[in-house]
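Single-structure report; data block below.
Indexing begins at 1, ligand by ligand and atom by atom, following the structure's order.
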Amino acid sequence: MSMKFPFFKRKKPTQLQNDCDLLNVPEHVAIIMDGNGRWAKQKGLPRVAGHKEGMDVVSNTVKAAVNFDIKILTLFAFSTENWKRPKPEVEFIMRLPKDFLHTYLPGLIENNVRIDTIGDFNGLPDYTKEAIQYAKDQTKDNDGLLLNFALNYGSRYEIMRAIKLIMSDADLSKISVDEIDESTFSEYLYTNGISDPDLLIRTSGEMRLSNFLLWQLAYTEFWFTDVLWPDFSEEIFKQALLDYQQRKRRYGGI
Ligand code: V07
């Protein structure tokens with residue numbers, strides 16, 4: 001069992017632990033895992049081969065996050081806009097969570113990882129929901145890394161949904177207008193209870209947010225790389241963390 005997940009064990013300090021201040025790693029890292037289709041095309045493979053390769057890179061990235069002692073890793077796996085893709089591609093992608101968990105759930109459990117999701121969970125196919133719900137149940141008491149998948153997620157929808165929830169609570173006199181501030185508003189978002197990302201990484205050279213965590217990224221440091229997601233590695237992750245540590249975070253102050 002543990003031989004299957006050799007990189008998960010924290011026997012030797014990783015390179016990062018040698019040359020970077022572990023007290024200063026971001027608590028919450030969010031990643032837009034872009035470039036899977038392009039990676040496949042460059043290799044003359046079908047797009048889905050890129051998604052499959054990207055799935056295995058998710059596992060390596062989780063291992064790295066555990067090694068780096070990151071507390072929360074939020075991965076943009078499927079957006080509300082991604083339904084517009086060809087049906088066979090969407091169906092393939094929707095089988096990846098089950099595929100992933102079949103291979104990697106035991107290692108995640110062994111390493112105290114908790115799995116959760118943000119987004120419209122009910123809008124996912126039953127076979128996808130069932131596999132993920134099982135993993136959530138199996139890991140709910142773990143207090144190591146929170147591995148948070150954004151699935152069927154769109155940020156404008158999330159914000160509009162929050163407004164509707166607030167208005168319905170107002171109708172029921174559970175909340176009054178003057179109680180609504182930034183902090184109570186945040187409680188109505190999918191990310192209720194988790195801190196805002198300290199660092200956002202986007203791969204494959206695109207420099208936009210694509211409707212990801214618009215509210216939550218207000219003060220987040222952004223880090224972009226031309227590397228395509230299937231080529232992302234612990235080494236590139238480490239570079240992002242080192243760059244993050246060089247930046248002065250000001251939160252609008254001086
Ligand atoms: C997906 C692989 C990564 C690149 C981006 C798109 C394709 C892992 C999961 C997953 C989700 C939930 C869960 C366990 C694993 C996943 C989707 C797409 C929809 F509990 N990778 N991955 N889910 N891709």
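Near G54, meaning under 4.0 Å from any of its heavy atoms, are these atoms of ligand 1: 2 (C), 3 (C). Within the listing of ligand 1, atoms 2 (C) sit less than 4.0 angstrom from a heavy atom of H51. Residue-ligand proximity, P97 to ligand 1, at heavy-atom distances under 4.0 Å covers atoms 10 (C), 11 (C), 12 (C), 15 (C), 23 (N). Every atom of ligand 1 with a heavy atom of I132 under 4.0 Å away is listed here by number and element: 12 (C), 20 (F).
Here the protein heavy atom with the shortest distance to atom 4 (C) of ligand 1 is N36 ND2, 3.6 Å. In this structure, atom 1 (C) of ligand 1 lies nearest to the protein heavy atom L96 CD1, 3.7 Å. For atom 10 (C) of ligand 1, the nearest non-hydrogen atom of the protein is F149 CE2, 3.5 Å. In terms of protein heavy-atom proximity, atom 19 (C) of ligand 1 is closest to L151 CD2, 3.4 Å. Of all protein heavy atoms, the one lying nearest to atom 17 (C) of ligand 1 is A77 CB, 3.7 Å.
What you find for T128 and P97 is that their closest heavy atoms are CG2-CG, 3.8 Å. The two atoms that bring L189 and W215 nearest to each other are CD1-CD1, 3.4 Å, heavy atoms only. Here the closest non-hydrogen pair linking K136 and I115 is CG-O, 3.5 Å.
Of the heavy atoms in T117, none comes closer than 4.0 Å to ligand 1. Heavy atoms of I93 found under 4.0 angstrom from ligand 1 belong to the backbone as well as the side chain. At a heavy-atom distance under 4.0 Å, no atom of V57 approaches ligand 1. Contacts between L101 and ligand 1, counted as non-hydrogen atom pairs separated by less than 4.0 Å, involve the side chain only.
Considering only residues two or more places apart in sequence or on other chains, D116 meets the side-chain hydrogen bond (donor to acceptor under 3.5 Å, both in side chains) condition with none of them.
Ring orientation note: the planes of F100 and Y104 are tilted relative to one another, at an angle of 30° to 60°.
Between F237 and F68, the ring centre distance stays below 6.0 Å.
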Open item on the list: Does D243 form a side chain to side chain donor-acceptor pair (under 3.5 Å) with W223? I'd like the steps, not just the answer.
Closed with: CA-CA 8 Å; D243 286 350; W223 193 85; 2.7 Å; yes
Open item on the list: The test is side chain to side chain donor-acceptor pair (under 3.5 Å); show your working for E179 and T184 and say whether it passes.
Closed with: CA-CA 7 Å; E179 279 179 283; T184 51; over 6 Å; no
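In this structure, K129 is not positioned above the aromatic face of Y134 in the sense of NZ or CZ being under 6.0 Å from the six-membered ring centre and within 45° of the axis.
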